[in-house]
Amino acid sequence: MRRAIKQSWQPISGASLLALAMLQPLAARGAELPVFDAHMHYNVEARSLLSPEQVIALWRQQGIKGVLATSRPNQGTLDLMATLARDKNSDILIVPFMRPYRVQPDRHNWFSNPEIEKLVEAELKRGVYRGIGEFHIFGKDADAPYVARMARMAKERGLWLHAHADEDAIERILRHAPGVRIIWAHTGMSTGLDKVEEMFARYPSLVGELSYRGDIDGGGKLSPRWRALMLKYPDRFVLGTDTWVTSRWSEVPDILANYRRLLASLPQDVAEKIAWRNGFNMFSEK
Ligand SMILES: [Zn+2]
């Protein structure tokens with residue numbers, strides 16, 4: 001679809017170099033596939049450089065129509081939602097996920113820290129979150145009692161999980177709570193595609209997220225192996241920017257341009273599903 005580019009991104013006085021860097025690639029942007037960004041963090045470190053208004057303006061300029069938002073701390077996500085809610089032209093869907101981290105080091109031991117369990121319970125009382133994550137978990141750590149409890153609780157409450165995990169941890173979580181819905185961050189990062197394909201066949205509740213998957217690019221085109229997998233499971237993949245460090249924000253235009261270029265080699269309906277329809281469909285039903 002063709003869409004006019006809104007010039008809603010206004011430089012502010014004292015705009016950072018980062019913000020200016022974001023401006024550069026925007027002028028030449030033409031027809032664009034809409035995007036649902038299924039892996040976004042608005043972490044505390046980014047906030048001194050980008051206000052919620054600037055993040056939302058960036059989304060608009062980049063054709064991002066929906067965002068799975070997860071931030072450390074969670075206030076980043078809540079502030080984006082509040083800012084968008086004040087905007088009468090609200091045209092972006094924010095799907096909030098509860099991140100079980102207060103500070104960066106929590107990623108290493110959140111699953112064995114009683115304080116995190118309290119944080120999760122308290123945050124979920126807000127009643128706004130559609131899932132928990134992104135969290136990091138590898139191997140036998142996924143058998144920690146809290147991971148098992150959290151997975152079962154997520155399944156009971158109809159919440160998604162967003163896991164940066166190896167295949168072993170994904171399978172352990174799915175043994176704790178068969179059928180729990182999981183977005184697998186960076187699908188295939190440490191897992192061969194044969195195993196990924198086997199897991200997609202075995203676990204219908206598993207959705208693949210594609211940030212940091214350099215191998216989907218087969219020399220400027222979608223690699224044949226990834227193309228075959230996407231054609232086999234067109235409803236099971238989503239895209240993400242993964243703004244996990246502040247510098248990543250300035251790369252968002254290039255990240256999206258690369259996704260759009262690669263998806264252009266797929267049939268239009270499959271490209272649209274992976275770019276945005278899957279994300280909207282996943283969260284349109286309660
Ligand atoms: Zn991430």
Side-chain angles (χ1 to χ4, degrees), residues 18 35-47 49-50 52 55 58-59 62 64 66-81 94-111 116 119-120 123 129-139 141-142 147 150-151 154 159-167 169-170 173 181-191 196 206-216 237-256 258-259 274-275 278-279 282-283:
L18 174 67
V35 164
F36 182 95
D37 182 354
H39 192 152
M40 192 289 303
H41 309 291
Y42 183 43
N43 290 335
V44 65
E45 298 86 359
R47 302 202 56 156
L49 292 172
L50 285 171
V55 170
L58 176 69
W59 290 343
Q62 293 299 318
I64 292 177
V67 181
L68 193 164
T70 153
S71 307
R72 166 182 52 73
N74 288 290
Q75 193 60 44
T77 295
L78 300 174
D79 286 352
L80 286 169
M81 292 172 72
I94 295 183
V95 179
F97 271 39
M98 206 289 301
R99 196 158 206 208
Y101 301 167
R102 303 155 303 175
V103 290
Q104 201 274 346
D106 283 339
R107 66 189 283 168
H108 302 297
N109 68 349
W110 64 274
F111 47 85
I116 296 298
L119 169 78
V120 170
E123 282 289 330
Y129 297 106
R130 301 296 305 273
I132 301 170
E134 176 200 24
F135 54 79
H136 298 72
I137 195 84
F138 301 96
D141 285 348
V147 177
M150 187 188 74
L159 297 170
W160 286 77
L161 300 177
H162 195 305
H164 179 145
D166 57 8
E167 69 207 47
I170 293 286
I173 290 170
R181 294 182 294 183
I182 302 178
I183 296 169
W184 190 5
H186 325 297
T187 297
M189 182 174 260
S190 58
T191 303
V196 170
L206 193 59
V207 168
E209 185 275 322
L210 297 168
S211 60
Y212 281 100
R213 300 309 308 116
D215 63 328
I216 71 172
F237 288 103
V238 289
L239 307 179
T241 56
D242 191 10
T243 46
W244 70 287
V245 286
T246 306
S247 60
R248 184 90 167 156
W249 280 100
S250 63
E251 298 167 22
V252 166
D254 286 342
I255 292 166
L256 296 181
N258 196 45
Y259 278 135
I274 294 171
N278 290 344
M282 284 157 60
F283 300 106

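Atoms within a ligand are numbered from 1 in the order they appear, just like the ligands themselves.
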H39 and H162 aromatic ring geometry - parallel, tilted or perpendicular at 30°/60° bounds:
perpendicular

Next on the checklist: Classify the ring geometry of H186 against H164: parallel below 30°, tilted from 30° to 60°, perpendicular beyond 60°.
Outcome noted: perpendicular

Under 3.5 Å donor-acceptor, R130 side chain and W160 backbone: no

Q) Does R99 reach the main-chain N or O of E134 with its side chain, forming a donor-acceptor pair under 3.5 Å? A) yes

Count of protein N, O or S atoms below 2.8 Å from the Zn ion (ligand 1) equals 4

Residue pairs meeting salt bridge (Lys or Arg N to Asp or Glu O under 4.0 Å), one or both in residues 37-46, sequence neighbours left out, come to E45-R72

Q. Can the positive tip of R181 be found less than 6.0 Å from the middle of the six-membered ring of F97, inside 45° of the ring normal?
A. no

